Amino acid sequence: MQLAKKLDPSVLAQIIHEAGNRVAGVKSVDSVTVTDVDEESRTLHGEITITTDSDETTSFIF
């Protein structure tokens with residue numbers, strides 16, 4: 001089944017950014033980059049960089 005709307009990487013990055021800011025232990029979301037969107041499986045790939053409450057900065061690939 002094909003959904004009518006395509007996934008917009010910039011909108012998805014904003015949603016991920018906002019969700020990340022609500023995670024316990026996350027002081028701030030410094031950046032979110034969506035590098036690939038698979039429309040068929042609705043799978044995202046990219047990277048998020050956060051700063052924790054203990055002021056450690058780390059990146060995760062998704």
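Predicted model, so just to flag it, every value in this text is computed and none were measured.
Following chains of ILVMFWY side-chain contacts shorter than 4.5 Å, one can reach Phe62 starting from Val26, so the two form part of one hydrophobic cluster. A continuous path of Ile, Leu, Val, Met, Phe, Trp and Tyr side chains, each step under 4.5 Å between heavy atoms, connects Val23 with Leu44, placing both in one hydrophobic cluster. Val37 and Val11 are not part of a single hydrophobic cluster, where members link through side-chain heavy atoms under 4.5 Å apart.
When side chains are defined from C-beta on, Val29 counts as touching Ile48, because their heavy atoms get closer than 4.5 Å. You'll find the side chain of Thr57 stays beyond 4.5 Å of the side chain of Ile50, heavy atoms only. Under the 4.5 Å side-chain criterion, counting only non-hydrogen atoms from C-beta, Arg42 is in contact with Leu7. When side chains are defined from C-beta on, Thr58 does not count as touching Thr51, because their heavy atoms never get closer than 4.5 Å. You'll find the side chain of His45 stays beyond 4.5 Å of the side chain of Val34, heavy atoms only.
Of all the heavy atoms in Thr49 and Ser59, the pair that sits closest is OG1-OG, 2.8 Å.
Ile16 contributes atom CD1, which lies 11.0 Å from atom CD of Glu18 (distance to the nearest 0.5 angstrom). A distance of 8.5 Å separates NZ in Lys27 from OG1 in Thr52, rounded to the nearest 0.5 Å.
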